Each structure stands twice: as C-alpha cells, then as structure tokens.
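Since we're looking at a predicted model, the values are computed, not measured.
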Amino acid sequence: MRGATYRADHLDGAPPLPRGTGQWSIRNRNSIHMPRWVSRLTLIVTAAKVERLQAISDEEAKAEGAELLDEVTGRVSLDDRRGSYRDGFRAIWESLHGSGAWEANPEVVAISFDIVKANIDATIGER
C-alpha cells in the first residue's frame, strides 16, 4: 500500500507516526472516510434477509459478540448451562436503542458476509 501506517498494527508499542503527517490517519480521517486504496479488508455479502429482531438465535447472538448472561441474575455468566447469549444481545440492543426497544420487536436486516483479508481492488481480479 502506498505508505499507509495503521495504528492497529502497533497496539503493543508506540511506533513512529507516518512520515510528515504528525497524525495517524490520512488527514486524521475516521476509517469510514479513508481512501479506497487504504482498505485491508473486504466484506463480501453472502445473504441478506429481513426478520423480526427477536428471531435472533442464541448462536447468532453469540456470533454478534453478545456476552452470556445468567438467566437468574442477569449478570455475565461463565456457565453456558444457565445462560443465554440472546439475553446478552437484548441487553446490548436496549443499551443502544433505549428501554422497550427489544419489546417493540422491529424488523431488522440480517446481513451475512465473508471476510477477505485483502484490498477490495485485489479481490475483484480473483472473482
């Protein structure tokens, strides 16, 4: 890549900043506004479906990064026999969207994708 330096590559130490910039990202941009050539990952959408929020399975909630919550105490659990990732997902959803957002059970778009650890321009030639 044309001289890009990525902060994530240096989490264990303090590397030098990119030459002449004095900043981490190009003009200190958020990653969503970075130029295409800086991309190191490509997401290939494999499926998209509309479903109700509460249709999420325990396995899907775990894949979303939800923590296992104890069904009795409502606290994070290490015992998957007494817990639910779905309850953990519900807690995340309500923290983001407010009390009662889970009960509203809105339609959501569930998107599945494959991760390719390469710039999108490199993956186009492979397809």
Side-chain angles (χ1 to χ4, degrees):
M1 306 235 161
R2 303 181 235 171
T5 301
Y6 301 90
R7 184 180 294 187
D9 288 340
H10 305 283
L11 294 177
D12 56 349
L17 293 171
R19 281 182 298 175
T21 65
Q23 298 175 344
W24 267 106
S25 58
I26 297 173
R27 295 188 199 133
N28 204 25
R29 294 184 196 175
N30 185 299
S31 59
I32 196 170
H33 302 291
M34 296 296 281
R36 180 178 170 134
W37 65 266
V38 181
S39 163
R40 298 190 297 175
L41 293 175
T42 300
L43 304 179
I44 308 293
V45 175
T46 57
K49 61 183 177 179
V50 176
E51 62 186 17
R52 291 284 177 187
L53 174 64
Q54 293 180 20
I56 192 168
S57 70
D58 209 49
E59 183 178 300
E60 291 167 330
K62 182 179 180 180
E64 288 289 333
E67 293 183 302
L68 184 68
L69 291 189
D70 185 291
E71 295 168 350
V72 176
T73 66
R75 295 184 180 179
V76 175
S77 173
L78 300 176
D79 184 357
D80 62 1
R81 295 170 294 168
R82 286 187 39 184
S84 164
Y85 289 100
R86 197 168 172 271
D87 287 343
F89 185 81
R90 175 185 179 161
I92 293 169
W93 189 267
E94 292 213 335
S95 75
L96 294 171
H97 302 285
S99 180
W102 176 263
E103 285 78 18
N105 199 22
E107 287 186 329
V108 294
V109 179
I111 301 172
S112 301
F113 52 86
D114 290 332
I115 301 171
V116 178
K117 293 184 178 182
N119 183 280
I120 189 169
D121 293 328
T123 63
I124 291 172
E126 298 171 6
R127 299 180 83 200

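Side-chain N or O atoms of Asn119 include one that pairs as donor or acceptor with a backbone N or O of Arg36 at under 3.5 Å. No donor-acceptor pair closer than 3.5 Å links the side chain of Ser112 to the backbone N or O of Thr46.
When all heavy atoms are compared, the tightest approach of Asn105 to Leu53 is OD1-N, 3.2 Å. Phe89 and Ala66 get closest at one heavy-atom pair: N-CB, 3.4 Å.
The number of heavy atoms from other shown groups lying within 6.0 Å of CD (Glu59) does not exceed 12. Within a 6.0 Å sphere centred on CD of Glu60, other residues, nucleotides and ligands contribute more than 12 heavy atoms. Within 6.0 Å of atom CG in Leu96, more than 12 heavy atoms from other residues, nucleotides or ligands are found, so the atom counts as buried in its surroundings.
In this structure, CG on Leu68 lies 9.0 Å from CG on Asp87, to the nearest 0.5 angstrom. Residue Thr42 holds its OG1 atom at 11.5 Å from CG of Asp114, rounded to the nearest 0.5 Å. The OH atom of Tyr85 sits 12.0 Å away from the CD1 atom of Ile92 when rounded to the nearest 0.5 Å. Atom CZ of Phe113 and atom CD1 of Ile44 lie 11.0 Å apart (nearest 0.5 Å). Taken to the nearest 0.5 Å, the CD1 atom of Ile56 stands 13.5 Å off from the NZ atom of Lys62.
With contacts defined as side-chain heavy-atom distances shorter than 4.5 Å, the pair Arg90/Gln54 does not qualify. Within the 4.5 Å cutoff, the side chain of Arg52 has heavy atoms near those of the Glu107 side chain. A heavy-atom distance below 4.5 Å is not found between the side chains of Val108 and Val50. With a 4.5 Å cut-off on side-chain heavy atoms, Leu69 and Ser84 do not count as touching.
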